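This report concerns only the one structure given below.
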Amino acid sequence: QVHLVESGGGLVQPGGSLRLSCAVSGTIFSIHLMAWYRQAPGKQRELVAAPTRGRGINYAESVEGRFSMSGDNAKNTGYLQMSNLKPEDTAVYYCWYDGNYWGQGIQVIVSS
């Protein structure tokens, strides 16, 4: 059974950084099968980052240049490094795997 566990969220001041982790179990891990989404209060869930075929990783325009997605096959874990965070990045962040599985969601709050 595939299981995703997210970690690394929390409260951070504007301009700060966080790294989210998504540990995958129950299946073979590949960063190419992972994506990150977020859902802010009162808004629809939106795609933040996802690998594309042959063209690296696609980022939402609002996070381009500040967020970076990566993975560690040895740890079966994907990461979302978030830098220069802004209050509008406040949301629940979700990892999504293999087109079918969601992490539990993790809260990120950017506030002074």
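Only a predicted model underlies this, so the values are computations on that prediction, with no experimental measurement involved. Below, all heavy atoms of this structure are taken into account, side chains as well, without hydrogens, waters or symmetry copies.
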Residues 51-59 side chain polar contacts: donor-acceptor under 3.5 Å, at least two apart:
from, atom 1, to, atom 2, distance (Å)
T52, OG1, R55, O, 3.3
T52, OG1, G56, O, 2.9
Y59, OH, M69, N, 2.8

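Listed by chain and number, the residues in a side-chain hydrogen bond (donor to acceptor under 3.5 Å, both in side chains) with S62 are R38 (sequence neighbours excluded). Under the side-chain contact (heavy atoms from CB on, under 4.5 Å) criterion, L18 pairs with V12, M82, L85, V108, not counting sequence neighbours. Residues passing the side-chain contact (heavy atoms from CB on, under 4.5 Å) test with S70, sequence neighbours excluded: Y79. For the side-chain contact (heavy atoms from CB on, under 4.5 Å) test, residues two or more places apart in sequence or in another chain that qualify with S83 are S17, Q81. Applying the side-chain contact (heavy atoms from CB on, under 4.5 Å) criterion to S25, with sequence neighbours excluded, gives H3. By the side-chain hydrogen bond (donor to acceptor under 3.5 Å, both in side chains) test, R66 pairs with D89, sequence neighbours left out.
Counting heavy atoms from C-beta outward, R45 and Y94 have side chains that approach closer than 4.5 Å.
Residue pairs that meet the disulfide (SG to SG under 2.5 Å) test with at least one member in residues 25-74, sequence neighbours left out, do not exist here. Screening residues 69-88 for salt bridge (charged side-chain N to carboxylate O under 4.0 Å, His left out), with sequence neighbours left out, gives no hits. Screening residues 101-112 for side-chain hydrogen bond (donor to acceptor under 3.5 Å, both in side chains), with sequence neighbours left out, gives no hits. Within the structure, no pair that satisfies the disulfide (SG to SG under 2.5 Å) test touches residues 28-71, not counting sequence neighbours. The disulfide (SG to SG under 2.5 Å) contacts involving residues 14-112 comprise C22-C95, where partners must be two or more places apart or lie in separate chains.
When hydrophobic clusters are built by joining Ile, Leu, Val, Met, Phe, Trp and Tyr residues whose side-chain heavy atoms come closer than 4.5 Å, directly or via intermediates, W96 is not grouped with F67. The hydrophobic cluster containing I31 also contains Y93, counting ILVMFWY residues as joined when their side-chain heavy atoms lie under 4.5 angstrom apart, directly or transitively.
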> Hey, mind stepping through V24 and M34 against side chain to side chain contact (heavy atoms under 4.5 Å, CB included) and telling me if it holds?
Replying inline: CA-CA 10 Å; V24 180; M34 180 171 283; 3.7 Å; yes

> What do the steps show when you test D98 against V2 for side chain to side chain contact (heavy atoms under 4.5 Å, CB included), and what is the final call?
Replying inline: CA-CA 10 Å; D98 201 13; V2 179; over 6 Å; no

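To the nearest 0.5 Å, the span separating OG1 on T90 from CG on L11 amounts to 8.5 Å. Residue L80 holds its CG atom at 9.5 Å from OG of S21, rounded to the nearest 0.5 Å. With values rounded to the nearest 0.5 angstrom, Y37 atom OH is found 4.5 Å from L47 atom CG. L33 contributes atom CG, which lies 8.0 Å from atom OG1 of T27 (distance to the nearest 0.5 angstrom).
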